[in-house]
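Data block below; observations after.
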Amino acid sequence: MELLKGLNPQQKQAVIAEPGPVLVLAGPGSGKTRVLTQRVAYLIDQLGVHPYHLMAVTFTNKAAREMGERVAGLVGRQTRGLTLGTFHATCARILRVEAEHLPVNSNYVIFDADDQVKVVRQIIKDQNLDEKRYRPSSVHGSISAAKNELYLPEDFPIDTYRAEVVARIYEEYQKTLITSNAMDFDDLLLWMAILLADYPAIREKYARRFEHILVDEFQDTNMAQYTLLKHLASYHRNIFVVGDADQSIYRWRGADYRNVMRFRKDFSDAEVILLEQNYRSTQTILDVAMAVIEHNTNRTPKRLFTKRGTGPKIIIKELFDEHEQAQYVVDTIALRIASTKANPGDFAVMYRINAQSRLLEEAFLSANLPYKLVGAQRFYGRREVKDIIAYLRLIFNPDDAISLARIIGTPPRGIGTKTYAQLRALAQRLNLSSGALLLELAKGKESEHLPQFSSRAAKALSRFGPLLAKWLTEKETLPPVEIMDQVLEDIDYQDYLDDGSEEGKERWENVMELRRLASEYHTMGLQQFLEDVALVSDQDTLKEGVDAPTLLTLHAAKGLEFPHVFIVGLNDGVLPHQRSFEDPEAMEEERRLFYVGITRAKDRLHLSHAMYRFVYGHTEQGEPSRYYADIPRELRDDGRPKRQKQSKSEIFRPWNRPLAPSKTLEAQYKPGMTISHPKWDKGLVISSKIQDEDEVLDIVFDSVGLKKVIASLANLEICDA
DNA sequence: ATAAAGTGACTTTTT
DNA sequence: GTCACTTTAT
């Protein structure tokens, strides 16, 4: 079979597996995307399954698009009818079709994270709750977590007083969304699961339709996703899932790698296939990856191997501060591009938090090196972009309270917070959405409610209402880009942005970029444009065909690969992140995140950290990441000259100190010793063990309590033996 | 009602 | 240090 050429036996076994439940446990770089793609092609081509009866779920739209193109190439014809997309996009589409069974209509809008927090904040204000005690983002986090676990407001577990308050806010929150004719990200999954559970007819309709279901990145599904998959697979039971528990990095979003175990239990007859051979990285990189991930508990040990050969050691570099680190990255990349045949696009720089990208960007800019930054927030989070999207959303769905609140006074048109609050209160009393009331007021003298406002407010309102009404008629005939043009003209937005500054110019350019995006939706229409804009993933913003280094978070790096990978900021508190310190489960996830980063590298891996780093404006001494201790010496090259030069500068530049002391395999510290640490001061040694030619100590400090310390890195002084 | 100036919270990670 | 939100002056 032409289709199976070049596959190894396990991959082949997966592609041609008998219908029924299949679980593919795929290590990094083991060709799982290929398996998934070939499997779809095989089902269509060899088993004659019509694409209409297939559903494939991926993690990003980009992955879906690539898969679609590859399948089309393999089967040599159109894949029309194939359901292929992210969980959210797929659910959004089905929910529009089934809207009659939902509390919203098919023109619902999708609330993003920002909108969600705004709704919560408004409710907290309305209920006179203390915003400090009930922080909107944290309350929203609780609501989101509940939804991912399929708890409706009435099911919200109340064990504390706080939970009682949150449950009340949750209830209000859902009401607000419904009157806004909106769904949030979590609702897309939640309502889909509810629909399938509560309406046997709908369940049967889709379960019968999807003869085969394929799921990528299965380890990152949450309870809602797992449940709806189970419903969808309830008729044919042909569910093919691919995942790797070691790469589960979205626990904080409700993802639960235990779904892999759940799957094995719920589908006990599942065929389990292991893909261990790696086609991406050198053995050295794989050995580093395994050495790091082995420290996690509760995992199935895996042996990653490759036929690619050993490859060079990985490089570990300590820099003075984050500026020097950024400079080092840029210099190294520039040098390699100049001296080897590496292309700029072969390089990626990864970091734990978005804030770390700024210094890197600056270094790239000042070196005059182009770069690509992955991150949707960067563009869609901009004020001017959000403003225009809010106008379009309001035009698509005038009930959208959040969008109306955003734009009713932007640009200023005489409707301030007071007037808006009045409008909102009256609308609530009349059981209308604010937008609907605004349209009612647009009738001018005929409106019975207009006299309730001051003459000034009434005048402003009766000017804006008709404008909205006009746009609403225009949307029926105009494509998205022309609606947008009309809005920009009517509100004189360019003039509003233009304050003569460089920033104002930039903002207008962003609006024009959005316009360019909208212009691609001539045939697909406003609904599709708004939906795509709401559901873009960070990876989707990665520009293809631009040959430049990529800057991205470790999360965004999942599923990608690069010949040269730099992971920066390997400082304790950054990677692993401080916020995870107290929670062992979160710490395991930090480790998986690092593992994901390492395994993105094909040929060369560079790790680096800064001796001093900025925290809230001032410099603080940073500790190298504890993960270094897990990387065997023989796999790393710490750039230390073979012979130590004794120069004065070295004495005054402690950051040049070698990563390891002179090689001693004997413990220098014993339990019971009192030591002194440069940052944590006095402490008592509890235990000491030799690990990878380094001494690892457990020390109880008076200041911070129990810490794991690597002797060669910590600069300890013995006070009292 | 709006713009300017001042205050305080805050930084994981994202569909 | 920065952003978003609140208070104060026009």
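Chain letters run A, B, ... following the sequence lines, proteins first and then strands; every chain starts at 1.
Put simply, CH2 on Trp252(A) is 13 Å from C1' on dT11(B), counting in whole angstrom units. One can place CD of Gln122(A) at 14 Å from C1' of dC5(C), the figure rounded to the nearest angstrom. Distance Ile249(A) CD1 to dT15(B) C1': 13 Å, rounded to the nearest Å. Atom CZ of Arg406(A) and atom C1' of dC5(C) are 14 Å apart (whole Å). Remark: P of dT11(B) and CZ of Arg358(A) are 17 Å apart, rounded to the nearest angstrom. We find that CE of Met350(A) is positioned 15 Å from C1' of dT13(B), with the value rounded to whole Å. The distance from atom CG of Asn222(A) to atom P of dT15(B) is 14 Å, rounded to the nearest whole Å. Between the C1' atom of dT15(B) and the CG atom of Leu189(A) lies a distance of 8 Å, rounded to the nearest Å.
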For Watson-Crick and G-U wobble pairs within 3.5 Å on both distances, what is DNA chain B written in dot-bracket notation, | included for inter-strand pairing?
||||||||||.....
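Heavy atoms of Asn354(A) sit under 4.0 angstrom from primed sugar atoms or phosphate atoms, though from no base atom. Nucleic acid contact class of Lys62(A) (heavy atoms, under 4.0 Å, all strands): none. Note on Arg121(A): only backbone sugar-phosphate atoms sit closer than 4.0 angstrom, heavy atoms only; bases stay farther off.
Residue ring and base: Tyr250(A) does not count as stacked with dT13(B) (centre distance below 5.5 Å and interplanar angle below 30° not both satisfied).
Side-chain atoms of Asn148(A) never come within 3.5 Å of backbone atoms of Ala145(A) as a donor-acceptor pair (strictly under, hydrogens ignored). Of the possible donor and acceptor atoms, one in the side chain of Asp321(A) sits under 3.5 Å from a partner among the backbone N and O of His323(A).
The two residues Ile110(A) and Ala92(A) have their closest heavy-atom pair at CD1-CB, 4.3 Å. The shortest non-hydrogen separation linking Val596(A) to Leu554(A) is CG1-O, 4.2 Å.
Judged as a ring pair (Phe, Tyr, Trp, His ring centres under 6.0 Å), and not counting sequence neighbours, Phe87(A) has no contacts.
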Go through the steps to decide whether Glu590(A) and Arg579(A) satisfy the test salt bridge (charged side-chain N to carboxylate O under 4.0 Å, His left out), and finish with yes or no.
CA-CA 10 Å; Glu590(A) 295 285 324; Arg579(A) 299 260 315 221; over 6 Å; no
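By the 6.0 Å and 45° rule, Arg626(A) stacks over the aromatic ring of Phe581(A).
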Between protein and nucleotides 1-10 of chain B, map the contacts as a letter string: B base, S sugar-phosphate only, - none, heavy atoms under 4.0 Å, written 5' to 3'.
SSS-----SB
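Comparing Glu590(A) and Phe87(A) against DNA chain B, the residue whose closest nucleotide sits nearer the 5' end is Glu590(A).
Of the candidates dT6(C), dT15(B), dT14(B), the closest approach to any side-chain atom of Phe185(A) belongs to dT15(B). The listed nucleotides are dT13(B), dT11(B), dT15(B); the one nearest the side chain of Arg253(A) is dT15(B).
A salt bridge links Arg251(A) and Asp583(A); the closest N-O separation between the charged side-chain nitrogens and carboxylate oxygens is under 4.0 Å.
Looking at heavy atoms from C-beta onward, Phe218(A) lies in side-chain contact with Asn259(A) at the 4.5 angstrom threshold.
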